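All heavy atoms count here, side chains included; hydrogens, waters and symmetry mates do not. Since the structure is predicted, the reported quantities are computational estimates derived from the model, not experimental observations.
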Number of protein chains: 2
Amino acid sequence: MCTIAEVSRKFELSQDTLRYYERVGLIPRVNRNKSGIRDYTEEDCRWVEFIKCMRSAGLPVEVLIEYVSLFQQGDATVLARKDLLIEQRNQLMLRIEEMQKMMERMNDKIDRYEQTILAAKKTLQKPEE
Amino acid sequence: MCTIAEVSRKFELSQDTLRYYERVGLIPRVNRNKSGIRDYTEEDCRWVEFIKCMRSAGLPVEVLIEYVSLFQQGDATVLARKDLLIEQRNQLMLRIEEMQKMMERMNDKIDRYEQTILAAKKTLQKPEE
DNA sequence: GGTTGACTTGGAGTTAACTCCAAGAGGTAC
DNA sequence: GTACCTCTTGGAGTTAACTCCAAGTCAACC
């Protein structure tokens, strides 16, 4: 289907990162052609996309390795996978809430800076006051 | 005002982390008493709280060092500080959006797992079907 | 048939952000 | 006055997550 160079371009992950992900088990092993070169299938690409997304949302590599490993063990692990996702979803939720609080705080600070700057400008315009 | 042990307990940051933050300039230098021991003022504590919050929202240490350094240079840097905050606020916003998308995706996945599990249970209950 | 370029591997190196350690000093408790 | 505890410093070590490197293979073009 496609080479590491193509997958790398498509998902904006370095070839090294892709090889690393495969090495540590973050994505299932990719098949090689007769001369030993990686040949990513559609499914491989879906994994790459999924993992990239999960990683950029901040899920630890270790947890994702666990997820992939469960996945490869088949249907018996459906419950465990669901629980893992729920746990991570909850943590994600907490982090989002924390970040939103921080956003508000930064917005307040920015507003206050804005007013300080405005006040300073006025003083400049009407120095007699 | 208070010792490193107290600040450490209050903000749940290790003493090592507090010393590290001070060492690299993440918080302004804390005064020492006559025997060389850190004596955190109220303002020091506010800095610690602020930095802890910023860090847990994911702002890089490097950026925060820059902010503290600007702060210490006085009023002339108000504009630069505001710009720095705006830039970081925007990045934070992007990260939050990305994480929210990921949350939805995880919720979908969890729902699908739930249905799989439900279906499996039904099959168990009525094996004749 | 030799050179080029993209790929392979295992392993070493890097970066950010802590975290730990050794050696030593000050204050208090017996 | 000595044992103990908490603190100090500078510097080394750790962890996660890549990122880079050297040595080698293979197909393709000239």
List, one per line, each side-chain donor-acceptor pair under 3.5 Å for residues 77-88 of chain B, sequence neighbours excluded.
| unit_1 | atom_1 | unit_2 | atom_2 | d |
| --- | --- | --- | --- | --- |
| B:T77 | OG1 | B:L70 | O | 2.7 |
| B:T77 | OG1 | B:G74 | O | 2.8 |
| B:T77 | OG1 | B:R81 | NE | 3.1 |
| B:T77 | OG1 | B:R81 | NH2 | 3.3 |
| B:R81 | NH1 | A:Y113 | OH | 3.1 |
| B:R81 | NH2 | B:G74 | O | 3.0 |
| B:K82 | NZ | A:E114 | OE2 | 2.8 |
| B:E87 | OE2 | B:Q91 | NE2 | 2.8 |

Please give me every residue in residues 1-9 of chain B whose heavy atoms get under 4.0 Å of an atom in DNA chain D, ordered by residue number.
B:T3, B:I4, B:A5
If hydrophobic clusters are built from ILVMFWY residues whose side chains come within less than 4.5 Å, do A:M1 and A:F11 share one?
no
So if I define the base as every atom that isn't primed, P, OP1 or OP2, how would nucleotides 15-20 of chain D read as a B/S/- string at a heavy-atom cutoff under 4.0 Å?
--BBBB
Under 4.0 Å between a side-chain N or O of B:R32 and OP1 or OP2 of D:dT9?
yes
May I ask you to evaluate whether A:S35 reaches the phosphate of D:dT25, defined as a side-chain N or O under 4.0 Å from OP1 or OP2?
no
Between P on C:dC7 and CG on A:N31, what's the gap in Å once rounded to a whole number?
17 Å
Partner residues of A:R32 under the salt bridge (Lys or Arg N to Asp or Glu O under 4.0 Å) criterion, sequence neighbours left out
A:E22
Ring centroids only, cut at 6.0 angstrom: are A:Y40 and A:W47 within range, meaning strictly under it?
no
Return the residues of residues 39-51 of chain B meeting this criterion: a heavy atom under 4.0 Å from some atom of DNA chain D. Order them by number, or give none.
none
For residues B:R95 and B:G58, report the shortest heavy-atom separation together with the two atoms involved.
NH1-CA, 3.6 Å
Under 4.0 Å between a Lys/Arg side-chain N and an Asp/Glu carboxylate O for A:R55 and A:E49?
no
For atom CZ of A:R29 and atom C1' of C:dT9, their distance in whole Å
11 Å
When you compare the side chains of B:S56 and A:E98, does any donor N or O come within less than 3.5 Å of an acceptor on the partner?
yes
Atom pair distance, as rounded to whole Å: CD in A:Q15 and P in C:dT9:
12 Å
Please test B:L18 against B:V7 for side-chain contact (heavy atoms from CB on, under 4.5 Å), starting from the C-alpha separation and ending with a verdict.
CA-CA 8 Å; B:L18 286 169; B:V7 177; 3.8 Å; yes
All side chain to side chain donor-acceptor pair (under 3.5 Å) counterparts of B:D75, not counting sequence neighbours:
none
I want to check one thing: is the phosphate of C:dT9, taken as OP1 and OP2, less than 4.0 Å away from some side-chain N or O of A:R19?
no
Could you measure the distance from the CD atom of B:E6 to the SG atom of B:C45? Nearest 0.5 Å is fine.
9.0 Å
Check whether A:F50 forms a cation-pi arrangement with B:K109 (NZ or CZ under 6.0 Å from the six-membered ring centre, at most 45° off the ring normal).
yes
Whole-Å distance, A:I37 CD1 to C:dC7 P, equals 7 Å
